[in-house]
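In this chain, residues are counted from 1 in sequence order. What you see is a predicted model; the values in this text were computed from it and never measured.
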Amino acid sequence: MKKNITVIEGDGIGPEIMKQTIKILNAIEKKYHHEFFYEMAMAGFIAMKKFGDPMPKKTIDSCLKSNAILFGCIGDPDGDKYLTGMRPEDGLLKIRKEMGLYCNIRPIISYPKVINKSPIKNNLLDKVNFIIYRELTGGIYFGKKGRSKNGESAYDHCLYSKKEIRRIGKLALQAANSRNKKLTVVDKANVLETSRLWREVIHEISFDYPDVILEFLYIDNAAMQIIFNPKKFDVILTDNMFGDILSDESSVIAGSLGLLPSASIGNKTPIFEPIHGSYPEAKGKNIANPLGSILSSAMMLEYFGLYEEKKIIEKAVSDSIEKNVCTQDIIEGHITPSTTDEVGSYIEKYILNQ
Ligand code: IPM
Ligand code: MN
């Protein structure tokens, strides 16, 4: 298979984790005889400094021509000081919108070896495996926002159309149907009108998936249940803002934010990126966890229909954790942590030797 991939390393630890990810994809290419062509593009703080824009047109053009986007991470402590009114994060919001990526998919899995890293009781975490479907291009993130004339008040408008809810609803129902057949819709329907519309629409389209058990939970209750009963979830479907919060909360289950991958799909080129931020304190130290990014590339391969290739990366990642070849954020007890490079090389070898 031949694929064109735009690579956006971004800021902070972005270049380091992306280097490992490309290393793994090179191993996949070699083993399975694929050809991946990469085009490097800039976004985030680094692009603001160079082009005065966190998502330059050149980057968007490259993305539009590619089959997929591999994204590192963006953000910088000086991010909001550099250009008035613009932050590196705006670049990410812009590309999501430009590509029409309305569906953000965030799997949450507990790895037995990392369970001790979570502050949650071990018995609650054994075999947790759920997936968050977060709406990504609507809601309060993209509604009209502003200040009143005298600057004494501000507003953020939350808007959802039936169409926006229906298209991600279908994808989440399909996912539940192919997994453990349970869909939990998280909202605040006791207060918000948009949430009531979500309930109506999802309820309506759920009749096409008679095997899927549908459950509605208020966000406050869901936030609690994710901690004390995470095993109850299979697929969680929620809006942009609630999904942002629940996915960071869920990272506590996985033991480290550094482990979590994501895929954003929709109308144009999909993005595959780790959930974590740019971790500027670790930049250049070779200590960042590359697994979130490597697992995101596995999600990309799955999107291409390369299921065996996806599985072998996941197996290699599980094996590296099992054998304690881990960066400092997930290492156990007194074992010496591996560097970012060492983790990448271990996974590369595992794949090539299978
Ligand atoms: C995420 C991030 C972004 C979001 C930020 C950086 C704009 O937190 O991908 O979860 O809120 O969507
Ligand atoms: Mn977030």
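Of the inter-residue distances, the one linking Ile227 atom CD1 with Ile253 atom CD1 reads 5.5 Å to the nearest 0.5 angstrom. Distance check: Lys19 NZ to Ile13 CD1 gives 14.5 Å after rounding to the nearest 0.5 Å. To the nearest 0.5 Å, atom CZ of residue Phe233 and atom CG of residue Asn129 are 13.5 Å apart. In this structure, CD1 in Ile351 is found 5.0 Å from CD1 in Ile24, a value given to the nearest 0.5 Å. Remark: Asn180 CG to Asp234 CG distance equals 4.5 Å, nearest 0.5 Å. How far SG of Cys158 is from CD1 of Ile140: 5.5 Å, rounded to the nearest 0.5 Å.
Looking at Lys188 and Asp220, a side-chain N of the basic residue comes within less than 4.0 Å of a carboxylate O on the acidic one, giving a salt bridge. Ionic pairing of Lys113 and Glu332 is present here: one or more N-O contacts between side-chain nitrogen and carboxylate oxygen are shorter than 4.0 angstrom. No salt bridge links Lys315 with Glu308; every basic N to acidic carboxylate O contact stays at or beyond 4.0 Å. A salt bridge links Lys23 with Asp341: at least one charged nitrogen is closer than 4.0 Å to a carboxylate oxygen. Using a cut-off of 4.0 Å between Lys/Arg side-chain N and Asp/Glu carboxylate O, Lys65 and Asp61 are scored as not salt-bridged. Of the charged side-chain nitrogens involved, none lies within less than 4.0 Å of a carboxylate oxygen, so that Lys144 and Asp156 do not count as a salt-bridged pair. Salt bridge absent: Arg196 and Glu200 never bring a charged side-chain N and a carboxylate O closer than 4.0 Å.
Inter-residue side-chain proximity for Leu70 and Thr6 is flagged as unmet; no heavy-atom pair is nearer than 4.5 Å. The shortest side-chain heavy-atom distance between Asn116 and Asn122 falls under the 4.5 Å cut-off. For the pair Ile245/Glu249, no side-chain contact is recorded, criterion being any heavy-atom separation below 4.5 Å from C-beta on. The side-chain heavy atoms of Asn289 and Tyr279, taken from C-beta on, include no pair separated by under 4.5 Å. Looking at Ser264 and Ile105, their side chains never come closer than 4.5 Å, going by heavy atoms from C-beta outward. Side-chain contact check for Leu217 versus Gln225: some heavy-atom pair is nearer than 4.5 Å. Counting only heavy atoms from C-beta outward, the side chains of Ile131 and Ile108 never approach each other to under 4.5 Å. Using a 4.5 Å heavy-atom threshold, the side chains of Ser66 and Thr269 count as touching.
Side-chain contact annotation: Glu322 with Tyr111, donor-acceptor N/O pair under 3.5 Å absent. Between the side chains of Ser256 and Asp329, at least one donor N or O sits under 3.5 Å from an acceptor N or O. With no hydrogens or angles considered, a side-chain donor-acceptor pair links Glu39 and Ser62 at under 3.5 Å. A side-chain donor from one of Glu215 and Thr184 sits under 3.5 Å from a side-chain acceptor of the other. The closest side-chain donor-acceptor pair between Asn67 and Tyr303, if any, does not fall under 3.5 angstrom. Between the side chains of Arg96 and Asn104, no donor N or O sits under 3.5 Å from an acceptor N or O.
Under a cut-off of 6.0 angstrom, the local environment of NZ in Lys170 is sparse, with at most 12 non-hydrogen atoms contributed by other residues, nucleotides or ligands. Annotation: Lys232, atom NZ; neighbour count of heavy atoms from other residues, nucleotides and ligands within 6.0 Å is above 12. For CD1 of Ile46, the number of neighbouring non-hydrogen atoms (other residues, nucleotides, ligands) closer than 6.0 Å is 12 at most. Atom OH of Tyr307 has 12 or fewer neighbouring heavy atoms from other residues, nucleotides or ligands inside a 6.0 Å radius. Within a 6.0 Å radius of NZ in Lys349, other residues, nucleotides and ligands contribute 12 heavy atoms or fewer. Around the NZ atom of Lys117, the shell of radius 6.0 Å holds more than 12 heavy atoms that belong to other residues, nucleotides or ligands. Within 6.0 Å of atom NZ in Lys145, more than 12 heavy atoms from other residues, nucleotides or ligands are found, so the atom counts as buried in its surroundings.
The cationic group of Lys2 does not satisfy the cation-pi geometry with Phe37, failing either the under 6.0 Å distance to the six-membered ring centre or the 45° limit from the ring axis. Taking the ring axis of Tyr102 as reference, the NZ or CZ atom of Arg167 stays within 45° of it and closer than 6.0 Å to the ring centre.
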Applying side-chain contact (heavy atoms from CB on, under 4.5 Å) to Ile236 and Ile226, what does each step give before you reach the verdict? CA-CA 10 Å; Ile236 292 178; Ile226 276 185; 4.0 Å; yes
How far apart are the C-alpha atoms of Leu259 and Val114, what are their side-chain angles, what is the distance that settles it, and do they pass the side-chain contact (heavy atoms from CB on, under 4.5 Å) test? CA-CA 10 Å; Leu259 272 173; Val114 190; 4.2 Å; yes
Go through Lys323 and Asp319 one step at a time and tell me if the salt bridge (Lys or Arg N to Asp or Glu O under 4.0 Å) criterion holds. CA-CA 6 Å; Lys323 303 277 162 51; Asp319 187 73; 2.8 Å; yes
Where do Thr21 and Ser297 land on the side chain to side chain donor-acceptor pair (under 3.5 Å) test, with the steps shown first? CA-CA 7 Å; Thr21 306; Ser297 75; 5.5 Å; no
Worked verdict on Ile313 versus Ile28 for side-chain contact (heavy atoms from CB on, under 4.5 Å): CA-CA 9 Å; Ile313 295 183; Ile28 294 286; 3.8 Å; yes
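Formation of a donor-acceptor pair under 3.5 Å by the Ser296 side chain with backbone atoms of Glu273 is found in this model. Checking side-chain atoms of Ser293 against main-chain N and O of Pro290 turns up no donor-acceptor pair under 3.5 Å.
Closest of all the heavy-atom pairs between Gly75 and Asp11 is N-OD2, 2.9 Å. Of all heavy-atom pairs between Ile74 and Ala43, the closest is CG2-O, 3.8 Å. Of all non-hydrogen atoms in Lys127 and Ser110, the two that sit nearest each other are N-OG, 3.5 Å.
Cluster membership check: Ile17 does not share its hydrophobic cluster with Met299, using side-chain heavy-atom separations under 4.5 Å among Ile, Leu, Val, Met, Phe, Trp and Tyr. Under a hydrophobic-cluster definition in which Ile, Leu, Val, Met, Phe, Trp and Tyr are linked whenever side-chain heavy atoms come within less than 4.5 Å, directly or via other members, Val325 and Ile287 are assigned to different clusters. Hydrophobic clustering places Phe130 together with Phe242 (ILVMFWY residues linked when any side-chain heavy atoms are closer than 4.5 Å, directly or through intermediates). Hydrophobic clustering, with ILVMFWY side chains joined whenever heavy atoms are under 4.5 angstrom apart, keeps Leu301 apart from Tyr350.
Ring geometry for His34 versus Tyr32: interplanar angle under 30°, hence parallel rather than tilted (30 to 60°).
Just one of Trp198, Tyr160, Tyr141 meets the side-chain hydrogen bond (donor to acceptor under 3.5 Å, both in side chains) condition when paired with Glu135; it is Tyr160.
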